[in-house]
Number of protein chains: 2
Amino acid sequence: MAGMELDDEGRRLLDQLFDKWSLLVLHALCDRSRRFSELRQHLPAVTPKSLTTCLRRLERNGVVERVVLSTEPVAIEYRISRLGRSLESPLRAMLGWVVDHLDTVEAARTQYDERRADI
Amino acid sequence: MAGMELDDEGRRLLDQLFDKWSLLVLHALCDRSRRFSELRQHLPAVTPKSLTTCLRRLERNGVVERVVLSTEPVAIEYRISRLGRSLESPLRAMLGWVVDHLDTVEAARTQYDERRADI
DNA sequence: CAGTATCCCAATGGATACTG
DNA sequence: CAGTATCCATTGGGATACTG
């Protein structure tokens, strides 16, 4: 652990990977490629603007690809890139932790808040 | 992967774990307990206000503990909790990915920007 | 369908100074 | 040392409406 140092660039990349929607979009795309509207349905609270911003950023960082399918009419789908796929395992670990420990965290919060209220 | 769904609470927890400084603070504390001023030195760009906010939130979520040492004069140190320790492995995976792939990401960005500039 | 365009608000977080 | 207090600039992101 000691040898792994993150410079400022690294921290900014973390910011971009972990903004409000990115992890969830990535998670959805690891499962399978999806279209814009499918992502919107999958992430109910996201607005088109936020989703666009998020997708562009992930695309720019090379973890997601925007593919124009030459169907008729053309369809556009987003898929995970090879680079993005390499993120799947760390991502799963992280999301898995959240799912597994959400209850514990909630309990900790309650306890913390009560302690503060006592004072 | 399919079975792991994140509700809104989960997404908000992600937000709190992955805000601008939290991951780096956690990383630093996984290494060893540190005092406020040590953390400031370790994370050069953080202001005291931001660090406080971050620590309080991590404490509230139960992953960090604020310990008052009964030395003379008293010292305060922050240490990782048991719950926080369980985050270490996912955290390492995530930060490791960033360190390992930062160059690739940079290249992808350059490529993306150039393609856009062409148009 | 896959976005873009506007408007707007709340919150993040930086700079700085101060305190028990 | 370990913060708190203020002020302020930026921006992320929601709501909504519109478009090729």
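We name chains A, B, ... by the order of the sequence lines, and we start the count at 1 in each one.
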Exercise. Work out which heavy atom in B:L29 is nearest to a heavy atom in B:R34; give both atom names and the distance.
Key: CD2-N, 3.8 Å
Quiz item: Do the non-hydrogen side-chain atoms of B:Y78 and B:L55 ever get within less than 4.5 Å of each other?
Solution: yes
Quiz item: Heavy-atom distance under 4.5 Å between the side chains of A:R66 and A:R56, does that happen here?
Solution: yes
Quiz item: Quick one: do B:V74 and B:I76 end up in the same hydrophobic cluster if we chain Ile, Leu, Val, Met, Phe, Trp and Tyr together by side-chain heavy atoms under 4.5 Å apart?
Solution: yes
Exercise. Using distance alone, with no hydrogens and no angle criterion, decide if B:S50 and B:T53 have a side-chain donor and acceptor under 3.5 Å apart.
Key: no
Quiz item: Are B:D113 and B:T110 linked by a side-chain donor-acceptor pair shorter than 3.5 Å?
Solution: no
Exercise. For DNA chain D, determine which residues of residues 40-53 of chain B have any heavy atom closer than 4.0 angstrom to one of its atoms, and list them numerically.
Key: B:P48, B:K49, B:T52
Quiz item: Can you pull the contact range of chain B along DNA chain C, 5' to 3', using atoms under 4.0 angstrom from its heavy atoms?
Solution: C:dG13 to C:dA15
Exercise. Answer yes or no for A:R11 and B:W21: cation-pi contact, defined as NZ/CZ to six-membered ring centre under 6.0 Å and angle to ring axis within 45°.
Key: yes
Quiz item: Any donor and acceptor pair, going by atom type alone, linking the side chain of A:R85 with main-chain N or O of A:C30 inside 3.5 Å?
Solution: yes
Quiz item: Which one is paired to D:dG20, where only Watson-Crick or G-U wobble pairs with both distances under 3.5 angstrom count?
Solution: C:dC1
